[in-house]
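What follows is a short report on a single structure.
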Amino acid sequence: MAAMDRYAVIGHPVGHSLSPRIHALFAQSTGQPVTYTAIEAPLDGFAATVDHFRAQGGRGINVTVPFKLQACAYADEVSERARAAGAANALAFDADGRCRAENFDGVGLLRDLTHNLGLSLAGCRVLLLGAGGAARGVLQPLLQARPAVLLVANRSADKAHALVRDFQALGLGGPELAGAALSDLPAAGAFDLVINATAASLDAQALPLPRSVFAPDGLAYDMVYGKGLTPFLRQAREAGVARLADGLGMLVEQAADSFAWWRGMRPATDTVIAHLRTPLR
Ligand code: NDP
């Protein structure tokens, strides 16, 4: 039997991660000789855990909360996407001993929105809720899709404004990009796409959102997955939005991009998404 190449997801906590199941399905469908496990690193031990995994022959990792910033700092080479996001969700360990960092969260979201959900973002009004790592990670690919408006709204308004300023300073956002407080939203109009990139759904907390932000023929997207109909998705449905999605597709698409980056072939994602999907109710 061919020797297996080793990959893993490193986080804290990491027991809930679907990534090992997703990558096992990818290995099965592509016939690639890979194993993929979940490793919990101590909060103060990310670099030591990665070093140990590499010393044992590990070829690459995905990185999840709370280590995405540290993953960027760990790498010898950081892609433009990861630099703009200020965070990496994938590392590759090359045979020459170098470590490269990438961030596939944003392209995963975009592929889910455009390819799986059939949305065309050009000219759309987009509302991005949250200004943490997940929002930062998806901002560049969202801007590249040329929405007419991309409003970043956060509970702490200063963080939304700082995020917008950072991207404008990098030349990545023009007049379409603006920041706001959640309390500004009643005057903001309706949006074709409302993305929840806050952590509120993890604790089943509702955001103070006016009905008016949801265009009834629009799409509401919660980056959280596996939580069914979250308070955010329920708010959207009650406001008349018919199209609701959770973040499972984003997770599977970023996993496929990581796999392709490491192995040189992109696995099919539709059957994996269908296999892992839980109903939104
Ligand atoms: P961070 O901790 O970096 O940021 C959290 C954000 O959520 C901040 O903007 C914070 O606002 C806001 N927030 C938290 N609780 C509340 C609340 N009760 N009301 C209003 N705002 C709140 O987290 P991440 O950005 O890393 O992750 C955000 C979410 O995205 C998580 O749920 C995560 O699971 C999901 N995610 C999904 C992925 C996927 O592949 N589907 C990939 C990456 C993330 P403030 O600044 O005011 O504190």
Side-chain angles (χ1 to χ4, degrees), residues 9-19 21-23 43 62-72 81-82 85-90 102-113 116-117 127-139 141-142 151-164 166 179-185 194-210 213 220-228 230-233 235 244-259 269 272-273 276-278 280:
V9 56
I10 296 185
H12 183 116
V14 81
H16 65 287
S17 174
L18 284 178
S19 294
R21 281 177 71 191
I22 294 169
H23 281 272
L43 286 173
N62 285 125
V63 183
T64 186
V65 175
F67 299 125
K68 290 184 184 184
L69 268 74
Q70 288 181 54
C72 231
R81 266 199 301 248
N89 84 326
E102 253 295 2
N103 190 319
F104 295 115
D105 281 339
V107 286
L109 171 68
L110 257 288
R111 189 167 165 96
D112 194 32
L113 289 171
N116 300 336
L117 298 165
L127 174 60
L128 180 64
L129 300 166
R136 186 174 277 274
V138 301
L139 209 45
L142 279 175
L151 183 65
V152 181
N154 194 45
R155 178 174 60 183
S156 323
D158 53 335
K159 275 176 70 180
H161 291 300
L163 184 55
V164 165
D166 287 353
L182 292 180
S183 54
D184 295 331
L185 291 176
V194 183
I195 302 170
N196 183 14
T198 75
S201 296
L202 286 178
D203 305 323
Q205 285 178 16
L207 298 166
L209 297 177
V213 295
Y221 192 103
D222 202 328
M223 279 197 197
V224 166
Y225 50 85
K227 300 269 182 193
T230 60
F232 165 76
L233 292 176
Q235 281 170 304
L244 309 175
D246 69 6
L248 177 69
M250 172 179 174
L251 179 78
V252 174
E253 295 299 345
Q254 68 71 33
D257 284 330
S258 301
F259 192 96
T269 51
V272 176
I273 293 172
L276 297 173
R277 172 80 69 210
T278 49
L280 291 178

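Counting starts at 1 for both ligands and their atoms, following the listed order. Along the sequence shown, residues are numbered consecutively beginning with 1. Because only heavy atoms are used, hydrogens play no part in the values below, and waters and symmetry mates are left out as well, while side chains stay in.
- Proximity of Thr198 to ligand 1, defined as any heavy-atom pair under 4.0 Å, is shared by backbone and side chain alike.
- Remark: ligand 1 atoms within the under-4.0 Å shell around heavy atoms of Ser156 are 45 (P), 46 (O), 47 (O).
- At a 3.5 angstrom cut-off on N or O pairs, Met250 does not count as close to ligand 1.
- Taking a distance limit of 4.0 Å, we find that atom 4 (O) of ligand 1 is approached by some protein heavy atom.
- Considering backbone and side-chain atoms alike, Gly133 places an N or O below 3.5 Å from some N or O of ligand 1.
- At under 3.5 Å, not a single nitrogen or oxygen of Leu248, backbone or side chain, sits near a nitrogen or oxygen of ligand 1.
- Under a 3.5 Å cut-off, the side chain of Gln235 and the backbone N or O of Leu207 do form a donor-acceptor pair.
- Residue Arg155 has at least one N or O atom closer than 3.5 Å to an N or O atom of ligand 1.
- For Gly247, a nitrogen or oxygen atom sits less than 3.5 Å from a nitrogen or oxygen atom of ligand 1, counting backbone and side chain alike.
- Considering backbone and side-chain atoms alike, Leu202 places every N or O at 3.5 Å or more from each N or O of ligand 1.
- Looking only at side-chain heavy atoms (C-beta outward), Thr278 and Lys227 stay at 4.5 Å or farther from each other.
- Inclusion of Lys68 in the set of residues having an N or O under 3.5 Å from an N or O of ligand 1 is not warranted.
- In terms of N/O distances under 3.5 Å, ligand 1 is not approached by Tyr225.
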